[in-house]
Amino acid sequence: LMTTVNATGTSKLASALHGLLQQCMDALLPIRRRSNRVRLASLLDLFVPVRPGRWVFVSRRGVPITGNLRAVLDEVVKQEKDVAIYCESPLDAAAVAAWRLAGARLLTGFSLRTLYSLLSSETVVVSHPLRKAYISRRKKGRCVINVWHGVALKRIEALMPGSTTR
């Protein structure tokens with residue numbers, strides 16, 4: 001498949017795909033069935049480039065952002081500029097205000113914007129199985145961090161040189 005690059009550096013194929021997606025997404029969304037959402041995300045993942053420095057934190061439906069996910073999110077929001085939070089559950093209003101003040105974007109509901117943020121993120125942080133974040137495959141340039149409570153983050157400090165933690 002050959003593409004040509006226009007004066008702005010955007011390929012004609014990419015521009016055409018973007019325009020087609022913009023026109024068709026209203027007809028495609030809302031997609032109610034999760035399996036169809038995953039299929040759409042898998043297809044779009046082939047075309048959406050990973051954006052260096054972009055982080056997204058994902059909490060699955062019915063699970064608030066707490067524990068390990070909240071601790072990592074609070075620290076990353078202080079240091080990174082391009083951070084998005086995707087959660088389909090009610091969130092603590094004070095936390096949301098602090099995250100927004102720090103520049104984080106809040107993604108709610110399934111939309112093209114949400115999918116683009118998920119698929120284009122260099123770092124995806126989850127506290128559950130990855131498929132709940134609509135990520136179905138590995139992709140060069142994407143790092144996935146799972147902070148589920150079963151992951152051994154709680155004792156990692158004990159492994160560091162010079163640690164006095166037992």
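Computed from a prediction, not measured in an experiment: that's the story for all the values here.
Distance check, rounded to the nearest 0.5 Å: CG of D92 to OG1 of T66 gives 11.0 Å. Here the straight-line distance linking atom CZ of F57 with atom CG of L73 works out to 5.0 Å at 0.5 Å rounding. Separation of atoms CD1 (I135) and OG (S121) is listed at 7.5 Å; rounding is to 0.5 Å. In this structure, the separation between CG on L118 and CZ on R113 is 11.0 Å, given to the nearest 0.5 Å. Between the NZ atom of K81 and the CH2 atom of W55 there is a distance of 14.5 Å, given to the nearest 0.5 Å.
Under the 4.0 Å criterion applied to side-chain N and carboxylate O atoms, R142 and D45 are assigned as salt-bridge partners.
Across G53 and E80, no two heavy atoms sit closer than the pair O-OE1, 4.2 Å. Scanning both residues, G141 and E122, for their nearest heavy atoms gives O-CG, 3.4 Å. When every heavy atom of L69 is checked against every heavy atom of V58, the shortest pair comes out as CD2-O, 3.7 Å. Residues A102 and V77 approach most closely at CB-CG1, 3.0 Å, considering heavy atoms.
With a 4.5 Å cut-off on side-chain heavy atoms, F110 and L115 count as touching.
In terms of modelled atom types and a separation under 3.5 Å, the side chain of K139 and the main chain of V50 share no donor-acceptor contact.
When the options T114, V48, V124 are evaluated for a side chain to side chain contact (heavy atoms under 4.5 Å, CB included) with L119, the one that passes is V48.
Listed by chain and number, the residues in a side-chain hydrogen bond (donor to acceptor under 3.5 Å, both in side chains) with T123 amount to none (sequence neighbours excluded).
Checked by atom type, the side-chain pair S120/R51 shows no donor-acceptor distance below 3.5 Å.
A side chain to side chain donor-acceptor pair (under 3.5 Å) check over residues 93-102, counting only residues at least two apart or in different chains, returns the pairs D74-W99. For residues 101-110, the side chain to side chain donor-acceptor pair (under 3.5 Å) pairs, not counting sequence neighbours, are D82-R105, R105-S117.
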Show your working on side-chain contact (heavy atoms from CB on, under 4.5 Å) between V56 and V125 and close with a plain yes or no.
CA-CA 6 Å; V56 67; V125 185; over 6 Å; no
I would like to know whether L91 and I65 meet side-chain contact (heavy atoms from CB on, under 4.5 Å); could you show each step before the answer?
CA-CA 7 Å; L91 295 170; I65 296 178; 3.9 Å; yes
Under the side-chain contact (heavy atoms from CB on, under 4.5 Å) criterion, do I85 and L107 qualify, and how do the steps go?
CA-CA 6 Å; I85 303 160; L107 307 169; over 6 Å; no
